[in-house]
Every structure is written in C-alpha cells, then in structure tokens.
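Each chain gets a letter, A, B and so on, in the order the sequences are listed, and its residues count up from 1.
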Number of protein chains: 2
Amino acid sequence: MADSRTPASPDKSGAASPAPAVTRAAAVLDALAASATGRLTLSDLSREVGIPKSSTSNLLLALEEARLITRQGAEFTLGRKLVELGAAYLGRMDEVQEFYRYCEQASVLSGETVRIAMLDGTNVIYLARYEGHPAVRLTSNIGDKMPVSLCAVGKALIARLNVHDIEEMFPDDAELPVLTPKSLRTGAALKAQLRQIREQGYAFEDEESTTGVVCLAVSVPTRGAHGPSLGLSVTALKATYTPEQGSQMVKELKELAHSLGNPMG
Amino acid sequence: MADSRTPASPDKSGAASPAPAVTRAAAVLDALAASATGRLTLSDLSREVGIPKSSTSNLLLALEEARLITRQGAEFTLGRKLVELGAAYLGRMDEVQEFYRYCEQASVLSGETVRIAMLDGTNVIYLARYEGHPAVRLTSNIGDKMPVSLCAVGKALIARLNVHDIEEMFPDDAELPVLTPKSLRTGAALKAQLRQIREQGYAFEDEESTTGVVCLAVSVPTRGAHGPSLGLSVTALKATYTPEQGSQMVKELKELAHSLGNPMG
DNA sequence: GGATAGCGTTCAGTTGACTGAACGGACACT
DNA sequence: AGTGTCCGTTCAGTCAACTGAACGCTATCC
C-alpha cells in the first residue's frame with residue numbers, strides 16, 4: 001500500500017480539478033466565511049472568487065437548494081446546514097464528550113476555563129470549551145481559529161511534529177502574526193520555545209495573545225492512525241497565577257490527555 | 001432511502017439542477033453526517049447516494065481538496081473545514097453573543113440551563129447553551145436537531161407561523177415522532193397546544209422529549225427582514241419545578257427575547 | 001427628468017465533465 | 001492454491017454544464 005501507483009499522473013504542484021463545481025462552491029463558502037459582514041451579493045462573490053456571474057448564479061442556486069447558503073434578499077449568507085454538519089463532525093469525536101465529563105469531576109480544572117483544540121495547518125481550531133467558574137471569561141468560541149505561535153495549545157501541538165515539517169512551516173526568518181507586545185515574532189524564537197516545551201512536557205503562553213492572560217497546554221496522544229492532533233489548554237489570569245497552581249493544572253491536563261488518548265470503559 | 005432508479009432524471013423535487021455536482025456533493029456530506037459511525041467508503045457512499053462509483057470518486061477528490069471531507073485510509077469522514085464554516089455562521093449571529101452575556105447577569109436564568117435555537121423546517125437546531133449551575137445536565141450539544149413537536153422551543157417557534165403554513169406542515173392526521181409516552185402524536189393535538197401557546201405568550205413542554213424534564217420557551221422577534229426564527233428555552237427538573245419559579249423564568253426569557261430582537265447599545 | 005452605472009437574469013454555442021464498462025489488486029471462502 | 005467477490009481506479013465517448021454577451025430593471029447622480 002505504500003507505493004501508490006502513479007503511472008502517468010501529470011502532477012504539476014497545482015492540483016487538477018476533478019469536479020470544479022465543487023471546488024468553486026467551496027471557494028464561495030470560504031469567501032462568505034472570510035468576509036467581514038458575512039453577507040455578499042452575487043456580484044461580490046463573482047468578483048471575489050473570480051467566477052463569471054452567470055456561473056456564480058448557478059452555483060448559488062445549487063448551494064441554496066442544499067441549504068449550505070441562504071438568500072437574504074439580494075445578499076447571501078452561510079446556511080443552517082453548515083451548523084448541522086459542523087455539529088455532526090464534533091459529535092463523532094468521542095474525545096469532546098469525554099472532555100466535558102472529565103472537566104466536571106476534576107479537582108483543579110473544574111474551576112478553570114479549559115479548552116480542547118485541533119491542529120489545522122498553522123492554526124488551531126477550538127473544538128470545545130469548559131468554563132467551571134467564569135473567573136476568566138473568554139471571548140473565543142467553538143470553531144474559532146488561532147495561529148499556533150500565539151497560544152500554548154498551538155505550541156504544544158506543533159512541538160510534536162517532526163523537525164523537517166516544522167522547518168518548512170516556520171523558517172527562521174518567518175514573520176509570525178502579532179497580537180500583543182509579547183507575541184513571538186520569528187520562526188527562530190518559536191523553535192527555541194519548542195525545544196523547551198519538548199523538554200518540560202507542556203507548553204506555556206505568557207500574554208502572547210491577550211495581555212493579562214496566561215495559558216498552559218499539553219498535547220493528546222493521537223488515537224488511531226488517522227485521527228487529528230488534539231491539545232488541551234487552561235487559561236488563567238496572570239495576576240492571580242501561581243507556579244504551584246500551574247503545576248497542579250498541568251498534572252490534571254496530562255491525566256486528561258492520557259485518558260483521551262487511551263480510551264477504555 | 002427512496003431508491004429512485006430513474007436512469008436519466010436526477011431532478012429533485014421537480015426543480016432543474018443548475019450545478020448538479022454541488023447538489024451531489026451536498027448529498028455526500030449529508031450521507032456522512034447521517035451515517036451511524038460517520039465513516040464510509042467510496043462504495044458505501046456510491047450506493048447510499050446513488051451515484052456511479054467513478055463519479056463519486058471524483059466528487060470525493062474535490063471535497064477532500066476543499067477539506068470538507070477527510071480521507072482516513074479507505075474511509076471518508078467529515079472534514080475540519082465544516083467546523084470552521086459552522087462557527088463562522090454562529091459567529092455572525094449577534095444574538096448568540098448577546099445571549100451569553102445576558103444569561104450571565106440574569107437573576108433567575110443565570111442558575112438554569114438555557115438554550116437558544118433556530119427553526120429549520122420541522123426541526124429546531126440548538127445554537128448555543130448556557131449552563132449556570134448544572135442542576136440539569138443536558139446531553140444535547142450545539143448543532144443538534146429536535147423535532148418541533150417534542151420541545152417547548154419548537155412549539156414556540158411554529159406558533160408564530162401563519163395558519164396555512166402550519167396546516168401544510170402538520171395536517172390533523174400527521175404522525176409525529178415519539179420519544180416518551182407523553183409526546184404529542186398527531187397534528188391535531190399539536191395545533192390545539194399552539195392555540196394555547198399564542199394566548200399565554202409562551203410554550204411549555206411536559207416530559208415530551210425526556211421523562212422527568214420540563215421546558216419553558218418563548219420566541220424571539222425576528223431581527224431584520226430575512227433573519228432566521230430564533231427561540232429561547234429553559235430546562236428544569238419536573239421534580240423541583242414550581243409555577244412561581246416558572247413565571248419568573250418566563251419573565252426573564254421574554255426580557256431576553258425582547259433585547260435580542262431589538263438591539264441597541 | 002434624463003442619463004448612467006450597477007445588479008441579476010436570460011439564452012445559444014462550445015468546451016469540459018460525467019457515465020459505464022473493463023482492469024488490477026486484495027481479501028475470504030472452499 | 002483456486003476461485004469468487006468486492007474494492008478502487010482507468011479510459012474513451014457522449015451529453016450536459018459553463019461561458020460570455022445582451023437584456024430588463026432599479027437606484028443614483030447631474
């Protein structure tokens with residue numbers, strides 16, 4: 001199975017288009033998701049995605065019939081079905097269900113804000129959030145994305161990748177996104193932290209995405225051969241954070257990570 | 001399910017198919033979401049959706065490139081991008097953000113399990129959930145669907161529709177889905193309740209979806225001309241429920257509904 | 001008021017995608 | 001081993017979808 005037979009495939013780095021209508025439809029959805037207001041007209045979309053208006057019109061008709069988008073007068077928005085599909089994805093992840101159960105009965109974590117996230121390229125996507133006592137009220141929601149270099153869970157996740165992949169994603173002179181004065185700015189700085197993270201077994205964020213807030217994170221052993229990379233993080237206020245508290249939270253995070261990675265009855 | 005063996009007429013619901021590849025791709029996603037395990041092979045999908053294998057293969061390739069599905073060895077699952085898109089949809093709804101804020105500072109509701117839901121055909125979809133003190137721990141998650149006849153929020157939402165639409169959706173002899181002995185079983189029974197709901201201004205559920213649990217719900221005034229129909233519900237244990245508590249909760253629900261429907265600074 | 005610009009829709013011609021059958025490989029059963 | 005079934009892929013022919021320009025329409029500007 002290792003040697004996939006590619007006899008005469010004209011691979012040209014740019015992928016061929018087997019079903020272009022689908023690729024285009026996905027581009028339309030992306031454009032809607034990326035737009036500021038989430039409401040675009042046919043002409044807007046046609047311009048944005050680079051598809052003739054008449055073709056775009058047909059695409060939109062089909063997408064609307066599938067309820068993947070909704071027509072609001074002259075404007076289009078994302079459709080309800082996307083919520084269902086996203087929920088179906090999350091519902092299939094046993095880890096998310098176990099995550100909730102564990103957080104409730106945990107001793108330290110049950111009072112904190114805990115999140116589980118998934119690696120997606122150079123971003124993490126938050127899959128679920130547990131808020132014990134809202135000492136720290138997060139503005140982020142399920143499904144939100146965050147660059148890996150700006151959060152503890154992101155660093156914890158890429159720390160597990162092999163060195164070659166990391167080097168490709170973050171060359172030394174890579175310019176990283178910046179949210180606060182403490183945000184890491186170069187690939188070199190990030191990789192230096194990754195070494196430290198591998199040694200100590202957990203990741204740390206010190207006001208790199210939000211001033212006044214610190215995070216701790218660990219990665220979850222991948223369940224099965226093809227599962228996504230999952231990570232766990234705890235958020236705390238820097239003002240009240242103490243190292244003893246931190247080591248206790250890391251301990252419970254690792255316990256949770258272990259139980260998520262090795263399911264049992 | 002409906003095995004239409006029509007050889008050359010892929011028309012669905014009598015309408016022409018402008019971009020059939022998109023409609024088919026959506027059907028593939030639906031099939032994956034509806035399947036028990038969420039993991040189907042190419043042949044499974046081909047059989048399920050009724051598309052030739054070679055065409056299905058092309059569709060899957062395109063869907064995979066768009067990350068709407070993920071290939072796991074020989075099986076396919078829903079893809080990460082669906083979480084992003086679903087989150088983008090929810091993130092655009094100001095009502096969801098306000099919902100969280102209000103629940104935290106509410107006096108009665110802040111201690112209860114409150115949900116906001118959206119009407120989608122004859123189902124409601126839960127968009128967000130606030131759990132003050134987990135007296136009642138719900139098994140439902142964001143994005144889950146529930147038939148309108150089985151939950152208070154569903155009844156509250158269809159009670160606002162015009163009589164003609166209701167009659168079309170629920171003729172007197174319609175057989176409704178049943179979850180408990182108390183579930184409404186006919187369209188006639190449902191419509192009788194709807195009259196009562198319109199009079200008293202809020203909807204009620206008495207162990208119709210889960211034994212031992214009651215719900216109260218109100219509908220949110222639709223914001224703008226094209227917004228979805230939103231509703232709010234509170235869940236309580238029947239054992240501890242009292243009418244006084246109920247009227248207080250309804251009062252706060254209506255207050256929240258009003259503020260969601262009429263945004264201001 | 002008249003003119004302009006932009007929007008979304010319509011229509012016929014041409015290209016590209018979809019079908020269906022055959023192929024090589026991987027198990028499971030005899 | 002032999003053999004059957006099932007899986008996923010490949011390929012050439014046919015048909016349908018996509019393109020692009022023109023149209024009617026509304027809102028905006030002078």
Side-chain angles (χ1 to χ4, degrees), chain A residues 1-12 14-28 31-32 35 37 39-66 68-77 225-226, chain B residues 3-12 14-28 31-32 35 37 39-66 68-77 225-226:
Chain A
M1 62 167 74
D3 59 333
S4 60
R5 197 75 77 80
T6 51
S9 59
D11 296 0
K12 303 194 315 178
S17 301
V22 175
T23 306
R24 290 174 156 195
V28 167
L32 276 171
S35 76
T37 67
R39 321 171 97 231
L40 295 177
T41 69
L42 175 96
S43 300
D44 288 336
L45 285 167
S46 170
R47 230 178 293 107
E48 189 77 21
V49 186
I51 300 177
K53 279 194 294 185
S54 52
S55 307
T56 307
S57 176
N58 283 334
L59 277 179
L60 292 176
L61 248 53
L63 283 169
E64 187 184 10
E65 199 188 354
L68 293 172
I69 63 170
T70 305
R71 173 180 219 125
Q72 298 190 350
E75 297 180 312
F76 294 88
T77 64
H226 303 285
Chain B
D3 53 343
S4 59
R5 196 55 74 90
T6 44
S9 68
D11 290 13
K12 297 186 104 178
S17 303
V22 175
T23 305
R24 290 173 155 197
V28 167
L32 276 171
S35 76
T37 67
R39 322 173 97 230
L40 295 177
T41 69
L42 175 94
S43 299
D44 289 335
L45 285 167
S46 170
R47 227 177 298 107
E48 188 77 22
V49 185
I51 301 177
K53 280 193 294 183
S54 52
S55 306
T56 307
S57 176
N58 282 335
L59 278 178
L60 292 175
L61 247 53
L63 284 169
E64 187 184 11
E65 199 187 356
L68 294 171
I69 63 171
T70 306
R71 175 181 218 125
Q72 297 190 350
E75 298 180 312
F76 293 88
T77 65
H226 303 286

If I take atom [atom1] in residue [X] and atom [atom2] in nucleotide [N], what distance separates them, rounded to the nearest angstrom?
X	N	atom1	atom2	answer
A:Glu64	C:dT9	CD	C1'	15 Å
A:Lys53	C:dC7	NZ	C1'	6 Å
A:Leu60	D:dC18	CG	P	12 Å
B:Leu59	D:dG8	CG	P	15 Å
A:Leu42	D:dC25	CG	C1'	15 Å
A:Leu40	C:dC7	CG	P	12 Å
A:Ile51	D:dA17	CD1	C1'	14 Å
A:Asp44	C:dC7	CG	C1'	10 Å

So among B:Thr41, B:Leu63, B:Leu60, which one has a side-chain contact (heavy atoms from CB on, under 4.5 Å) with B:Phe76?
B:Leu60
Among B:Asn58, B:Leu61, B:Val28, B:Leu59, the one residue meeting side-chain contact (heavy atoms from CB on, under 4.5 Å) with A:Val22:
B:Leu59
Once you round to the nearest 0.5 Å, how far does CZ of B:Arg47 lie from CG of B:Leu42?
9.5 Å
Measuring from B:Leu45:CG to B:Lys53:NZ, what's the distance to the nearest 0.5 Å?
12.5 Å
Around atom CD of A:Glu48, are there more than 12 heavy atoms of other residues, nucleotides or ligands at under 6.0 Å?
no
Report the residue (A:Leu61 or A:Ala21) whose heavy-atom-nearest nucleotide on DNA chain C is the more 5′ of the two.
A:Leu61
Does a nitrogen or oxygen in the side chain of [X] sit under 4.0 Å from OP1 or OP2 of [N]?
X	N	answer
A:Ser43	C:dG6	no
A:Arg71	C:dG8	no
A:Ser57	C:dG8	no
A:Arg24	D:dA17	no

Do the side chain of A:Ser54 and the base of D:dG20 come within less than 3.5 angstrom through a donor-acceptor pair of N or O atoms?
yes
Quick one: which of C:dG20, C:dA17, D:dG8 gets closest to the side chain of B:Thr41?
D:dG8
